Amino acid sequence: MQNHYRLYGRHKSHPLKPRQARLVDKLLPELELKPDELVNGSPERLFAAGAKTIWLEIGFGGGEHLAWQAERNPDVGFIGCEPFVNGVAKLLSEIVAKSLGNIRILNGDVRPLLECLASTSISRVFLLYPDPWPKRRHHKRRFINQDTLGELHRILAPGGELRVASDIPDYVRWTLLQIRQFEKLNWSAEGPKDWRIRSDDWPTTRYEQKAVREGRIPTYLTFTSAT
Ligand SMILES: C[S@@+](CC[C@H](N)C(=O)[O-])C[C@H]1O[C@@H](n2cnc3c(N)ncnc32)[C@H](O)[C@@H]1O
């Protein structure tokens, strides 16, 4: 796999606790997904117990949403991508605590993995609270752009969903403008309750709880792949 992308943001903060470090050393290599494994084949075969369909979470942070979804959807194979190793360690603890057998992890940038995923192989993508990069000169770092939308649309099955959450009004506006320009993903909202109220199958995340505590209002956007 060639990684020609530049990744901004942190990869590591405080040192891992000894138990977390052991999980990263011992369990992560068992669950780690190498993008090359995705070439020439459907991702379902990468799950020991098999999987009816595959969902992808990009930037899972501490993994609360991913572990919640994996526990409630045992027939789904989950691919989670997160460059921040402290977050990966938190998810590994949840995997052990809940005995989850349907998660594979990429501890890194999702973009090279997107390139390796077969077309229409994913039925749901979660992108929750992508880094907002508020300064205008950093907008080109924002995850949502025409290139990544092109890749997300290519890997999504027809009718597949892209779920995006953000607490930053400018990032919400940016996302809707990018989607309108892209044209091949439909925004399925019919009224404000669709973007103001989190549906029952959409749990909160650590980042969201902090945003709400600090007075910011989350927006929930669901886009559907047209063809
Ligand atoms: C603001 S945090 C949100 C974390 C989590 N989704 C939540 O809601 O708690 C954004 C996350 O995206 C991750 N991220 C940024 N760029 C990424 C990329 N290219 N591929 C995968 N993850 C990425 C960051 O490491 C960070 O953990």
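Numbering of ligands and ligand atoms starts at 1, following listing order. Computed from a predicted structure; not experimentally measured.
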Side chain or backbone, does [X] bring an N or O within less than 3.5 Å of an N or O on ligand 1?
| X | answer |
| --- | --- |
| Thr205 | yes |
| Asp109 | yes |
| Val110 | yes |

Give me the nearest non-hydrogen protein atom to [atom] as residue plus atom name, then the distance to 0.1 Å.
| atom | answer |
| --- | --- |
| atom 15 (C) of ligand 1 | Asp131 OD2, 3.4 Å |
| atom 5 (C) of ligand 1 | Gly59 O, 3.4 Å |
| atom 16 (N) of ligand 1 | Leu7 CD1, 3.8 Å |

- Task: Determine the minimum heavy-atom distance between Leu185 and Ser225, stating which atoms define it.
- Result: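 Heavy atoms only, the tightest pair is CD2-CA, 3.7 Å.
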- Distance-minimising heavy-atom pair for Gln69 and Pro203: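 Answer, listing the atom of Gln69 first, then Pro203: NE2-CD, 3.7 Å.
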With [atom] as the reference point, say which of [options] has the nearest heavy atom.
| atom | options | result |
| --- | --- | --- |
| atom 1 (C) of ligand 1 | Phe143, Phe84, Phe60, Tyr129 | Tyr129 |
| atom 23 (C) of ligand 1 | Pro83, Pro130, Pro132 | Pro83 |
| atom 27 (O) of ligand 1 | His65, Glu82, Glu57 | Glu82 |

- Message: Taking the cut-offs as 6.0 angstrom to the six-membered ring centre and 45 degrees off its axis, would you call Arg141 and Trp133 a cation-pi pair?
- Response: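 Pair Arg141/Trp133 counts as cation-pi.
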- Are Ile168 and Ile58 connected, step by step, through hydrophobic side chains (Ile, Leu, Val, Met, Phe, Trp, Tyr) whose heavy atoms are closer than 4.5 Å?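 In one cluster with Ile168: Ile58, yes.
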- Quick one: side chain to side chain donor-acceptor pair (under 3.5 Å) partners of Ser123, sequence neighbours excluded?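 For Ser123, the residues satisfying side chain to side chain donor-acceptor pair (under 3.5 Å) (neighbours in sequence not counted) are Thr53, Trp55.
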- Arg198: partners by side chain to side chain contact (heavy atoms under 4.5 Å, CB included), with sequence neighbours left out: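 Counting only residues at least two positions away or on another chain, Arg198 forms a side chain to side chain contact (heavy atoms under 4.5 Å, CB included) with Trp202, Thr204, Glu208, Tyr220.
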- Item | Residue pair Arg154 / Ser119, side-chain donor-acceptor N/O under 3.5 Å |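 Ser119 and Arg154 do have a side-chain donor-acceptor pair below 3.5 Å.
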- Query: For atom NZ of Lys17, is the number of surrounding heavy atoms from other residues, nucleotides or ligands below 6.0 Å larger than 12?
  - Reply: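 No, NZ of Lys17 has 12 or fewer neighbouring heavy atoms, counting only those of other groups under 6.0 Å.
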- Where ligand 1 meets Tyr207 - atom numbers and elements under 4.0 angstrom, heavy-atom basis: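 So the atoms of ligand 1 that pass are 1 (C), 7 (C), 8 (O), 9 (O).
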- If you count the atoms of ligand 1 from 1 in the order shown, which ones are under 4.0 Å from a heavy atom of Leu128?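 Going through ligand 1 atom by atom, the ones under 4.0 Å from Leu128 are 3 (C), 5 (C), 6 (N), 8 (O).
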- Task: Run the contact test for Gly87 against ligand 1 with a 4.0 Å cut-off on heavy atoms, strictly below, and give the result.
- Result: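 The answer is no, since Gly87 has no heavy atom less than 4.0 Å from ligand 1.
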